[in-house]
Protein chains: 2
Amino acid sequence: MENQNISDIIESYLKQILAESQQVEIRRAEIADQFNVVPSQINYVIKTRFTIQDGYVVQSKRGGGGYIRIEKVKLLDNLDFIDSLVTAVGNHITRHDGLAVVRSLFEAGAVNRREVNIILAAIDKDAINTGDRDLDQQIRARVLISILNHLRYES
Amino acid sequence: MENQNISDIIESYLKQILAESQQVEIRRAEIADQFNVVPSQINYVIKTRFTIQDGYVVQSKRGGGGYIRIEKVKLLDNLDFIDSLVTAVGNHITRHDGLAVVRSLFEAGAVNRREVNIILAAIDKDAINTGDRDLDQQIRARVLISILNHLRYES
DNA sequence: ATAATATTAGTCAACATTAGTCAAGAAAGC
DNA sequence: GCTTTCTTGACTAATGTTGACTAATATTAT
């Protein structure tokens with residue numbers, strides 16, 4: 001209680017609002033000012049405490065009228081499964097192994113056949129082909145993980 | 001919501017009219033005056049929010065009796081539509097324009113909401129992020145086109 | 001008809017206003 | 001001590017706003 005750092009306090013503040021209203025929309029500079037921290041600390045708080053694993057989706061816009069919006073989403077009950085696939089994908093993944101991941105998704109009923117084809121198109125060798133094989137594997141991993149993360153919740 | 005910028009407000013105003021009447025015809029100076037902005041801001045709003053990828057066609061005329069006309073284009077739900085999107089994507093595409101393309105797909109009924117989210121995850125900034133902006137745009141374009149091409153067969 | 005003038009919209013670059021990234025240093029835990 | 005987490009600020013990027021200048025079209029005068 002007494003020993004909370006300022007990041008924890010900001011986290012609590014935001015989650016208190018989220019306990020009642022599904023989403024919060026803030027102006028970064030305003031909150032930073034309110035808690036007397038530099039603006040980038042708000043990014044830190046969001047990055048460490050409002051992740052998709054925690055059930056939050058964050059959107060933002062810069063420029064005049066800019067904002068950061070945090071939305072609480074309903075997580076599905078396939079979280080452990082998705083986690084295991086994310087771990088399996090890691091930082092690099094070959095097309096062959098990527099295919100296996102997508103097949104697992106399908107067999108688990110997490111995606112249907114149409115969705116499988118969209119995902120396969122996204123990680124296809126014609127789609128991701130920079131000429132640098134290692135880089136391709138990194139990009140493929142990130143694309144897959146991004147998709148996996150979106151399968152964690154209903155939207 | 002509270003702090004919308006004026007461009008968003010003008011966009012909403014125009015789209016509200018378009019929701020009912022297929023096209024709007026405005027006099028630039030008049031709208032600028034109505035919203036208390038400089039005339040060129042109307043061009044900015046149109047250029048950023050009423051693109052062909054968003055499904056709008058804009059025509060204008062200068063001189064006495066001049067106007068700007070925005071028309072909501074009816075999307076063809078055949079292969080020509082996907083062709084036109086592939087052309088619109090080209091070799092490079094920004095996230096912003098990519099979003100518009102996916103939105104068009106959705107509005108045309110080519111994909112459902114779940115599929116939209118998968119595609120958006122695939123071209124997200126967290127997914128495609130090599131550190132080289134130009135390369136990212138190339139990869140994003142290829143991923144999108146790969147997906148578009150697969151949608152030809154499926155649908 | 002042609003030229004001059006008036007009336008519109010378009011372009012572009014400077015500036016303003018937001019948020020994001022990253023790395024260094026400080027603080028807290030172990 | 002060592003490691004992890006937190007805090008800070010300099011720098012970057014995205015988006016929005018403004019106004020000076022340009023271009024196209026219509027109207028009026030000659």
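Lettering follows sequence order; numbering is per chain, from 1.
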Any side-chain donor near an acceptor of the partner, A:Ser146 and B:Asp126, under 3.5 Å | no
If you find the nucleotide of DNA chain C closest to B:Asp126 and the one closest to B:Gln59, which residue's nucleotide is nearer the 5' end?
-> B:Gln59
Residue pair B:Lys125/B:Arg28 against DNA chain C: nearer the 5' end by closest nucleotide is B:Arg28
Charged N-O contact under 4.0 Å between A:Lys15 and A:Glu11 = yes
Lys/Arg-Asp/Glu bridge criterion (N-O < 4.0 Å) met for B:Asp97, B:Arg140 =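 Between B:Arg140 and B:Asp97 there is no salt bridge, as every charged N stays at least 4.0 Å from the carboxylate O atoms.
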Ignoring the backbone of [X], work out which of [options] is nearest its side chain.
{"X": "B:Arg133", "options": "D:dT7, D:dA13, D:dA24", "value": "D:dA13"}
{"X": "B:Val38", "options": "D:dT22, D:dT7, D:dG19", "value": "D:dG19"}
{"X": "A:Ser40", "options": "C:dA19, C:dT11, D:dG9", "value": "D:dG9"}
{"X": "A:Gln41", "options": "D:dA24, C:dA19, D:dC6", "value": "D:dC6"}
{"X": "A:Arg62", "options": "C:dA19, C:dT11, D:dT7", "value": "C:dA19"}
{"X": "A:Ile68", "options": "D:dG16, C:dG20, C:dT21", "value": "C:dG20"}
{"X": "A:Ala29", "options": "C:dG10, D:dC6, C:dA19", "value": "C:dA19"}

If I take atom [atom1] in residue [X] and atom [atom2] in nucleotide [N], what distance separates them, rounded to the nearest angstrom?
{"X": "B:Asp8", "N": "C:dT17", "atom1": "CG", "atom2": "P", "result": "17 Å"}
{"X": "A:Asn43", "N": "D:dA10", "atom1": "CG", "atom2": "P", "result": "16 Å"}
{"X": "B:Asn129", "N": "C:dC22", "atom1": "CG", "atom2": "C1'", "result": "13 Å"}
{"X": "B:Gln4", "N": "C:dT17", "atom1": "CD", "atom2": "P", "result": "19 Å"}
{"X": "B:Ile70", "N": "C:dG10", "atom1": "CD1", "atom2": "P", "result": "10 Å"}
{"X": "A:Tyr67", "N": "D:dT15", "atom1": "OH", "atom2": "C1'", "result": "11 Å"}
{"X": "B:Phe35", "N": "D:dT18", "atom1": "CZ", "atom2": "C1'", "result": "18 Å"}
{"X": "A:Asp33", "N": "D:dT8", "atom1": "CG", "atom2": "P", "result": "13 Å"}

Sugar-phosphate, base or nothing in reach of [X], heavy atoms under 4.0 Å:
{"X": "B:Ile42", "answer": "nothing"}
{"X": "A:Arg49", "answer": "sugar-phosphate"}
{"X": "A:Tyr44", "answer": "base"}

Would you mind reporting whether B:Ile123 and B:Ile147 have side-chain heavy atoms less than 4.5 Å apart?
->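 Heavy-atom side-chain distance check fails, nothing below 4.5 Å.
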Where each residue is assigned the nucleotide of DNA chain D containing its nearest heavy atom, which of A:Lys61 and B:Gly64 is assigned the position nearer the 5′ end?
-> A:Lys61
Most 5' of B:His96 and B:Val37 on DNA chain D, judged by nearest nucleotide | B:His96
Within 45° of the ring axis of A:Tyr153 and under 6.0 Å from its six-membered ring centre, is that where the NZ or CZ of A:Lys74 lies?
-> no
Work out which heavy atom in B:Ile31 is nearest to a heavy atom in B:Tyr13; give both atom names and the distance.
-> CD1-CE2, 4.0 Å
A:Arg27 vs C:dT18: side-chain N/O to OP1/OP2 distance below 4.0 Å = yes
